[in-house]
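One structure is given below, encoded as structure tokens.
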2 protein chains.
Amino acid sequence: MWLRPSARRERGAPPLSRDRIVQEAVALLDAEGADRLTMRRLAERLGTGSTTLYWHVKTKDDVLDLALDAIFAEVEIPQKSGEGWRADITALINGWRAVLLRHPWSAALLSRPMLGPNVLARSEFLYATLLAAGVVEPHLTAAAYGLSNYVIGSGLMQATWPADAEQEVRRAAREHLQSNRERYPALAAHGPLVAEGDWDTGFALGLTWLLDGIQAGVTDAGGTAGGAARA
Amino acid sequence: MWLRPSARRERGAPPLSRDRIVQEAVALLDAEGADRLTMRRLAERLGTGSTTLYWHVKTKDDVLDLALDAIFAEVEIPQKSGEGWRADITALINGWRAVLLRHPWSAALLSRPMLGPNVLARSEFLYATLLAAGVVEPHLTAAAYGLSNYVIGSGLMQATWPADAEQEVRRAAREHLQSNRERYPALAAHGPLVAEGDWDTGFALGLTWLLDGIQAGVTDAGGTAGGAARA
DNA sequence: TCGAGCACCGGATCATTGATCCGGTGAATG
DNA sequence: CATTCACCGGATCAATGATCCGGTGCTCGA
């Protein structure tokens, strides 16, 4: 023992830190999904005892919160390069969406308050861009929430029905629809599980609608909402 | 024991059934939230042993799936009464949203495949209405998903920040924003936690934008998407 | 040089929870 | 009247989140 260079460093592991825990948690979540994330499993991957984690982190929920905020760092905040607010916002939303799909487990975690620095920074950019574009209340909140809700919903939905895996579930679901086609004629003929249409163009289309609505409210100077003519 | 009229019925409980389990599960979820739902607690409320539940239901996830589908029955499917497709869809979406907010726990469960009869019936109505309105691909999927994603996202978001309870968390969050106002100027000044604007009008506004976009794609007969002029 | 303090680690342990085993119980049925 | 079968539940198991408490080695001041 007089010569041993610190058992932990022997294993080649750098000293434990909150960052390393979070990083490994994201990796574990990516690899095996949310329900397989255990403090013990996480500790094992880190080469430490499970109880050690609790020195760096108060609860498991902390790990989840940190992991959720960590992946938002992958969303690059567009530089306001004169492309116009629509381009900027589109870039942000698309980046956000890409992250949600790259880490499908995240969609299910969005039900917890997101107050991490990375999340806030992106929200700040969204609000700032909308403000600079001349969007005012009540369109401002509607726009910010509408866009966020739209990405979140899309991510959640698409993460639920991953195109790659789960072929078995998809097939069973499709079959179920077909065998009840008199009860669900429209779904059986044009439903989502039938038309394997790519989600991307659908998402882009809906995004355009939202942006059009926002823009209409801006160009019409104040007064009654521009695009909200009918209904 | 010769006279006892069946111990269970003595307690005044009707015989256990899958429906009764689901009904009680919804009540428990409404009252205490998703994380407090335990097979034991559920059984206790039903006046039975916890293991008995497993005769009627295979796993706990089954209970959740059933509960989720059960609340969708509360969304009334509009009668096509000549009000026009916008009115019909608006009614459906608003009803859906109302249910999500009435049962906040449901938002967090939306990450699981929804294939229950009640959910499917509502999706069927949505697709049928859009089809009847003349919406065609790729606008059809975009419209159906856009609307669904929008409600889901909104419900999720709003369930995360309930206006009634959690005052403590809201206050802390607001304070956090204020103390970092130079980093988040726009959020601190116009952010959601600051402007207590009612979610309803914001939601309605965004819904109108989506409907406008859908409608524009219909009136323009085919070809390039109507409302998607710019960007 | 040395010993006290401190940041950091982990084995043992506890309560809770989802799920199963296996033995009941009573009403209907032939 | 015996048998069957739908239905029930105590005991129990494994996994998990979390805590207690005792190490271990580095650092820093005297």
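Remember, predicted model here, so these are calculated numbers, not experimental data. So you know, we letter chains A, B, ... as the sequences are listed, proteins then strands, and number each from 1.
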What is the distance, rounded to the nearest whole Å, between atom [atom1] of [X] and atom [atom2] of [N]?
X	N	atom1	atom2	result
Y54(B)	dT17(C)	OH	P	12 Å
L53(A)	dG10(C)	CG	P	9 Å
I21(A)	dG17(D)	CD1	C1'	15 Å
R40(B)	dA19(C)	CZ	P	11 Å
L42(A)	dA15(D)	CG	C1'	16 Å
D35(A)	dA19(C)	CG	P	12 Å
R18(B)	dC7(D)	CZ	C1'	15 Å
M39(B)	dA19(C)	CE	P	6 Å

Just to be sure I understand the rule, does L37(A) reach a base, reach only the sugar-phosphate, or reach nothing, if contact means heavy atoms closer than 4.0 Å? sugar-phosphate
By nearest-nucleotide position on DNA chain D, the 5'-leaning member of G49(B) and R41(A) is G49(B)
By nearest nucleotide on DNA chain D, pick out whichever of K58(A) and R36(A) is the more 5' one. R36(A)
Once ring pair (Phe, Tyr, Trp, His ring centres under 6.0 Å) is applied, what residue pairs with a partner in residues 30-76 of chain B remain, sequence neighbours excluded? F72(B)-W96(B)
Tell me, which pairs form a ring pair (Phe, Tyr, Trp, His ring centres under 6.0 Å) where one or both residues lie in residues 103-130 of chain A, sequence neighbours left out? H103(A)-W105(A)
Centroid-centroid distance, F203(B) to Y145(A), less than 6.0 Å: no
Do E124(A) side-chain atoms and A186(B) backbone N/O form a donor-acceptor pair below 3.5 Å? yes
Check whether T59(A) reaches the backbone of D61(A) with its side chain - one donor and one acceptor, N or O, closer than 3.5 Å. yes
What I want to find out is whether R171(B) reaches E175(B) closely enough, with some N-O distance under 4.0 Å, to be called a salt bridge. yes
In Å and rounded to the nearest 0.5 Å, what is the CZ to CD1 distance from R122(A) to I93(A)? 12.5 Å
What's the closest nucleotide to the T51(B) side chain, out of dA18(D), dT19(D), dG10(D)? dG10(D)
Of all the nucleotides listed (dA7(C), dG18(C), dG9(D)), which has the minimum atom distance to the side chain of W55(A)? dA7(C)
In degrees, rounded to 10°, what is the bend between the two ends of the helix from dT1(C)-dA30(D) to dG30(C)-dC1(D), using five pairs at each? 10°
Is any side-chain N or O of T59(B) under 3.5 Å from a base N or O of dG18(C), one able to act as donor and the other as acceptor? no
Got a donor-acceptor pair under 3.5 Å from the side chain of T38(B) to the base of dG18(C)? no
T48(A) side chain near dC9(C) phosphate (N/O to OP1/OP2, under 4.0 Å): no
Any side-chain N or O of H56(B) less than 4.0 Å from the OP1 or OP2 oxygen of dC8(D)? yes
